[in-house]
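Read through the structure below, which is laid out as structure tokens, and then see the notes.
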Amino acid sequence: QVQVVESGGGSVQAGGSLRLSCAASGGYTSSIGYMAWFRQAPGKEYEGVAAIAKDGRTHYADFVKGRFAVSRDNAKNTLYLQMNSLKPEDTAMYYCAAVLLGHNVLQPLSPPIYNFWGQGTQVTVSS
């Protein structure tokens, strides 16, 4: 199995930056394929933010393109999300998710694809 734990959330003013991290552990970390960041604001559904394949291919939601950057360090089993030019509408709980290699990932920003999820880290952006 795989466990993922997020960190790095916090409160910032609009225009500020935060860097989220997600550490993966467990017996199958070498078999992790895609990893992704999702978010959920109060009263809203989960939405995909960014995803990255093991080979480094990235996918972004339109609302974060040019502002957020996803990366991963496979040697450290860690996923990152650099968030710049933050807006109040970015306020949400941010979740890290992972799926093992061998799964056919057609939509990397679709939540049902991922079967390992963290507990989330809160990001609050004030105006």
* **Residue pairs, two or more places apart or on separate chains, that pass side chain to side chain donor-acceptor pair (under 3.5 Å) and touch residues 3-15** => none
Assigning hydrophobic clusters by single linkage (Ile, Leu, Val, Met, Phe, Trp, Tyr; side-chain heavy-atom cutoff under 4.5 Å), is [X] placed with [Y]?
X     : Y     : value
Phe38 : Val49 : no
Trp37 : Val99 : no
Val2  : Met35 : yes
Tyr34 : Leu79 : no

Roughly how far, to the nearest 0.5 Å, is [atom2] of [Y] from [atom1] of [X]?
X     : Y      : atom1 : atom2 : answer
Cys96 : Gln119 : SG    : CD    : 11.5 Å
Phe68 : Leu20  : CZ    : CG    : 8.0 Å
Asp90 : Thr124 : CG    : OG1   : 11.0 Å
Met93 : Arg39  : CE    : CZ    : 13.5 Å
Tyr94 : Met83  : OH    : CE    : 5.5 Å
Leu81 : Thr121 : CG    : OG1   : 11.0 Å

Grab the two heavy atoms, one from [X] and one from [Y], that are nearest each other, plus how far apart they are.
X      : Y      : result
Ile113 : Gln107 : CD1-O, 2.6 Å
Ala23  : Thr78  : CA-OG1, 4.4 Å
Ala24  : Ile32  : CB-CD1, 3.7 Å
Gly48  : Phe63  : O-CZ, 3.5 Å
Ser30  : Lys54  : O-NZ, 2.5 Å
Leu86  : Leu18  : CD1-N, 3.9 Å

* **Tyr60 side-chain N/O to Val70 backbone N/O, donor-acceptor pair under 3.5 Å** => yes
* To do: Check for a donor-acceptor pair, side chain of Tyr114 on one end and backbone N or O of Pro108 on the other, with a separation under 3.5 Å.
  => yes
* Kindly assign one of parallel, tilted or perpendicular to the pair Trp117 and Tyr95, based on the angle between their ring planes and the thresholds 30° and 60°. => perpendicular
* To do: List in chain and number order the residues that pass side-chain contact (heavy atoms from CB on, under 4.5 Å) with Glu89, two or more places apart in sequence or in another chain; answer none if no residue qualifies.
  => Lys87
* To do: Go through the structure and list residues passing side-chain contact (heavy atoms from CB on, under 4.5 Å) with Asp62, not counting sequence neighbours.
  => Lys65
* **Check: His59 and Val105 side chains under 4.5 Å, non-hydrogen atoms** => no
* Is the distance between the ring centroids of Phe116 and Tyr28 less than 6.0 Å? -> no
